[in-house]
Amino acid sequence: MKRIFSGVQPTGNLHLGNYLGAIKNFVALQDDYDCIYCVVDMHAITLWQDPGALRANTREVAAAYLAAGVDPKRCIVFNQSQVPAHAQLAWIFNCVARLGWLNRMTQFKDKAGKNREKASVGLYAYPNLMAADILAYKATHVPVGQDQKQHLELARDIAQKFNNDYETELFPILEPLILGPAARVMSLRDGAKKMSKSEASDMSRINMTDGADDIAKKIRKATSDAELLPGPEALDENGAVPEETRQARPEAYNLLGIYAALSDKPLAEAMTEFAGSQFSHFKAVLTDLAVAALGPMGHEMKRLTGDPSSVDAVLRDGAERARAIAEPVLREVYDKVGFLRS
Ligand code: TRP
């Protein structure tokens, strides 16, 4: 079976964007692929993390995977730092990737900001560790949002250069599984910005652990506009929102996209349902749907984080199974590189 690897950073405040953009898809993929889902704690510390918070957030991401329906028997669920092969392979990739390649990474430029001299070396080398995550398992399919596409292309370049330099076919060719535009969830306050854990106002996002009252309040107060909702004739021939159309009414298309994703319906079908409706009617229906979909999941997440030893047991078992796959790959790599095993 084809192998999937994906990861989520434990940096706190998991929200609807993380759920629809990543975790919900992880659940759907487990039927057709051999899946490895990682909590990438080593990536998290490329920016400062409080140690206690990191531990709690690591359990929270694992709890989110489980509460969303990832089956830890069929899939491997673990945190990255428990499998040394990630760091070991990343070092080798540090020596394969070129400075010129990393200099082009837009995420580094965004995250480092103006004060690049003060950014950690880890933030710069982040994509090499990400390549190691995937390739330590020879995974071929990597479900990620659009924003990670550049990193995956880099991972592919690293695999190819390694294969070339060492005259081998050890690493497979990666296939990004770029998740659809429904995966792109925008802020409830400003439809031009991505929903983000770092936006100051909690009203801008629905957290995965929000209860029914908070969900209802946030949707009710979400920014809207003065017009009636558009029908499916606004879509292009592929059923997508043309960019100019979206920019004219970003909040309307964001909420419609959330509705479609939560109800597992194509956008055109969701838009047919609400064509010509008032926002107030649509928001009421969306609230019921969001509460029904997210409420039980948030509840289960809280139950799991309240029982940390059960989450830790899943991560321990996952890490053991992950090591059993990654260690032989690492030995192959070490042999190719010429590291002596005595
Ligand atoms: N960089 C990814 C993100 O921020 C997380 C990640 C780390 C990842 N390693 C990965 C995703 C390997 C896919 C595969 O979203």
Side-chain angles (χ1 to χ4, degrees), residues 2-26 29-30 33-47 49 54 57-58 60-62 64-65 70 75-83 85-90 93-94 97 102 105-112 120 122-159 171-179 183-185 194-198 318 322 325-326 329:
K2 289 175 181 148
R3 180 170 290 152
I4 282 200
F5 185 100
S6 197
V8 171
Q9 294 195 55
T11 45
N13 271 338
L14 285 175
H15 53 68
L16 190 62
N18 302 110
Y19 177 59
L20 294 178
I23 299 171
K24 186 169 190 281
N25 301 287
F26 294 179
L29 292 164
Q30 63 187 344
Y33 296 86
D34 166 14
C35 295
I36 304 179
Y37 296 132
C38 189
V39 187
V40 288
D41 47 7
M42 291 163 62
H43 277 106
I45 64 161
T46 56
L47 300 175
Q49 306 296 323
L54 180 62
N57 291 333
T58 298
E60 182 172 270
V61 174
Y65 288 166
V70 168
C75 306
I76 294 181
V77 174
F78 75 107
N79 58 312
Q80 192 182 25
S81 60
Q82 295 207 72
V83 180
H86 293 250
Q88 293 168 311
L89 187 56
F93 288 170
N94 285 342
L102 291 175
M105 295 296 115
T106 56
Q107 183 176 293
F108 175 74
K109 291 179 201 171
D110 293 344
K111 289 198 179 176
S120 72
L123 187 65
Y124 188 70
Y126 179 115
N128 297 345
L129 178 59
M130 181 163 161
D133 294 341
I134 301 161
L135 292 165
Y137 304 92
K138 299 190 182 179
T140 48
H141 290 66
V142 186
V144 285
Q146 186 66 36
D147 63 327
Q148 295 298 313
K149 192 162 172 245
Q150 196 184 32
H151 287 160
L152 283 192
E153 284 160 1
L154 187 92
R156 192 200 298 231
D157 290 344
I158 290 176
F171 291 121
I173 303 297
L174 301 178
E175 299 277 346
L177 288 175
I178 300 296
L179 303 165
R184 198 170 155 77
V185 179
K194 254 180 86 167
M195 185 175 284
S196 155
K197 66 168 172 57
S198 50
I325 302 173
V329 174

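Read the numbers this way: they start at 1 and go in the same order the structure lists the ligands and their atoms. Just so it is clear, the values below take in all heavy atoms, side chains as well, and ignore hydrogens, waters and symmetry mates.
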Quiz item: For atom 4 (O) of ligand 1, what's the nearest protein heavy atom and its distance?
Solution: Tyr126 OH, 3.1 Å
Self-check item: ligand 1 atoms in contact with Val142 (distance to a heavy atom under 4.0 Å)
Solution: 13 (C), 14 (C)
Quiz item: Does NZ in Lys109 sit with more than 12 non-hydrogen atoms of other residues, nucleotides or ligands closer than 6.0 Å?
Solution: yes
Quiz prompt | Residue selection (non-hydrogen contact nearest atom 7 (C) of ligand 1) among Gln107, Met42, His43 | solution = His43
Quiz item: Are Tyr65 and Phe26 close enough that their ring centres sit under 6.0 Å apart?
Solution: yes
Quiz item: What distance do Leu129 atom CG and Leu89 atom CG have between them, rounded to the nearest 0.5 Å?
Solution: 9.0 Å
Quiz prompt | Reported CD1-to-CG distance for the pair Ile134 and Leu174, which is rounded to 0.5 angstrom | solution = 5.5 Å
Practice problem: Please find out if less than 6.0 Å separates the ring center of Phe5 from that of His141. | Solution: no
Quiz item: In ligand 1, which numbered atoms sit nearer than 4.0 Å to a non-hydrogen atom of Val40?
Solution: 7 (C), 9 (N)
Quiz prompt | Short N-O contact, Asp147 and Arg184, less than 4.0 angstrom | solution = no
Quiz item: Please state which protein non-hydrogen atom is closest to atom 5 (C) of ligand 1 and give its distance, to 0.1 Å?
Solution: Gly7 O, 3.6 Å
Quiz item: Which atoms of ligand 1 have any heavy atom of Val144 under 4.0 Å away?
Solution: 11 (C), 13 (C)
Quiz item: With a 4.5 Å heavy-atom cut-off, do Ile325 and Arg3 have their side chains touching?
Solution: yes
Exercise. Of the side chain and backbone of Ile134, name the one, both, or neither that has a heavy atom under 4.0 Å from an atom of ligand 1.
Key: side chain
Quiz item: Can you tell me the protein heavy atom closest to atom 9 (N) of ligand 1 and the distance?
Solution: Asp133 OD2, 2.7 Å
Quiz item: For ligand 1, which atoms have a heavy atom of Gln9 less than 4.0 angstrom away?
Solution: 4 (O)
